[in-house]
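Shown next, in structure tokens, is the structure this report addresses.
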Amino acid sequence: MEPIEEREEYDAAITSEAVSVISFLADWSKPSKALKAELSEAMAKHGDFQFFEVDMCTDEGEELALDLGTCSHTNVSHCIDRARTVFST
């Protein structure tokens with residue numbers, strides 16, 4: 001997964017031609033570790049998708065998540081297909 005630390009990186013990810021899956025994770029969290037394992041499997045199955053991760057353990061990641069309205073540290077909050085949101089939690 002490619003890291004996203006800045007709003008500009010997030011904006012580039014959501015406007016990409018590829019399907020973008022953006023997860024918000026914290027390394028210390030057991031649910032985040034489980035989700036990361038699931039996302040690794042999804043990456044193997046969907047090589048044409050782009051997978052991104054916002055690290056909620058950093059100041060930048062926490063600030064970006066708050067800016068985007070994401071409060072939980074273990075979720076995939078956006079799956080975007082050519083700038084059209086497929087789902088958002």
Side-chain angles (χ1 to χ4, degrees):
M1 280 188 277
E2 292 183 49
I4 292 180
E5 297 177 351
E6 304 288 333
R7 180 61 187 242
E8 294 79 20
E9 295 168 328
Y10 173 83
D11 290 341
I14 66 169
T15 57
S16 168
E17 290 294 315
V19 174
S20 298
V21 178
I22 303 171
S23 59
F24 293 80
L25 304 170
D27 287 339
W28 55 265
S29 166
K30 284 186 181 184
S32 284
K33 290 177 184 179
L35 179 57
K36 198 167 192 172
E38 293 292 327
L39 289 170
S40 292
E41 289 182 25
M43 288 171 63
K45 291 179 185 176
H46 302 284
D48 54 332
F49 289 13
Q50 294 184 95
F51 289 83
F52 299 93
E53 176 183 351
V54 177
D55 183 355
M56 299 286 288
C57 293
T58 66
D59 290 340
E60 294 86 0
E62 187 175 337
E63 183 177 320
L64 178 59
L66 289 172
D67 185 44
L68 296 171
T70 301
C71 299
S72 175
H73 58 74
T74 306
N75 70 55
V76 176
S77 69
H78 298 86
C79 180
I80 298 155
D81 182 7
R82 297 182 188 194
R84 176 179 61 88
T85 300
V86 177
F87 72 84
S88 180
T89 60

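Hydrogens, waters and symmetry mates are skipped; everything else that's a heavy atom, side chains included, is used.
Considering only heavy atoms from C-beta on, E9 stays 4.5 Å or farther from E2 through its side chain. In this structure, the side chains of E6 and L64 stay at 4.5 Å or more apart for every pair of heavy atoms. At a threshold of 4.5 Å between non-hydrogen side-chain atoms, the residues R7 and D67 count as touching. Under the 4.5 Å side-chain criterion, counting only non-hydrogen atoms from C-beta, M1 is not in contact with V21. Between F24 and I22 the shortest side-chain heavy-atom distance falls below 4.5 Å.
Between the side chain of S23 and the main chain of V54, no donor-acceptor pair closer than 3.5 Å is present.
Here K36 contributes atom NZ and L39 contributes atom CG; the two are 9.0 Å apart, rounded to the nearest 0.5 Å. Rounding to the nearest 0.5 angstrom, the gap separating the CD atom in E53 from the CG atom in D27 is 6.5 Å. Atom CZ of F52 sits about 10.5 Å away from atom CD1 of I14, to the nearest 0.5 Å.
Pairing each heavy atom of M56 with each of G61, the nearest pair is SD-O, 4.1 Å. Closest heavy-atom contact between I4 and A13: CD1-CB, 4.0 Å.
A donor-acceptor contact under 3.5 angstrom links the side chains of Q50 and S16, judged on distance only.
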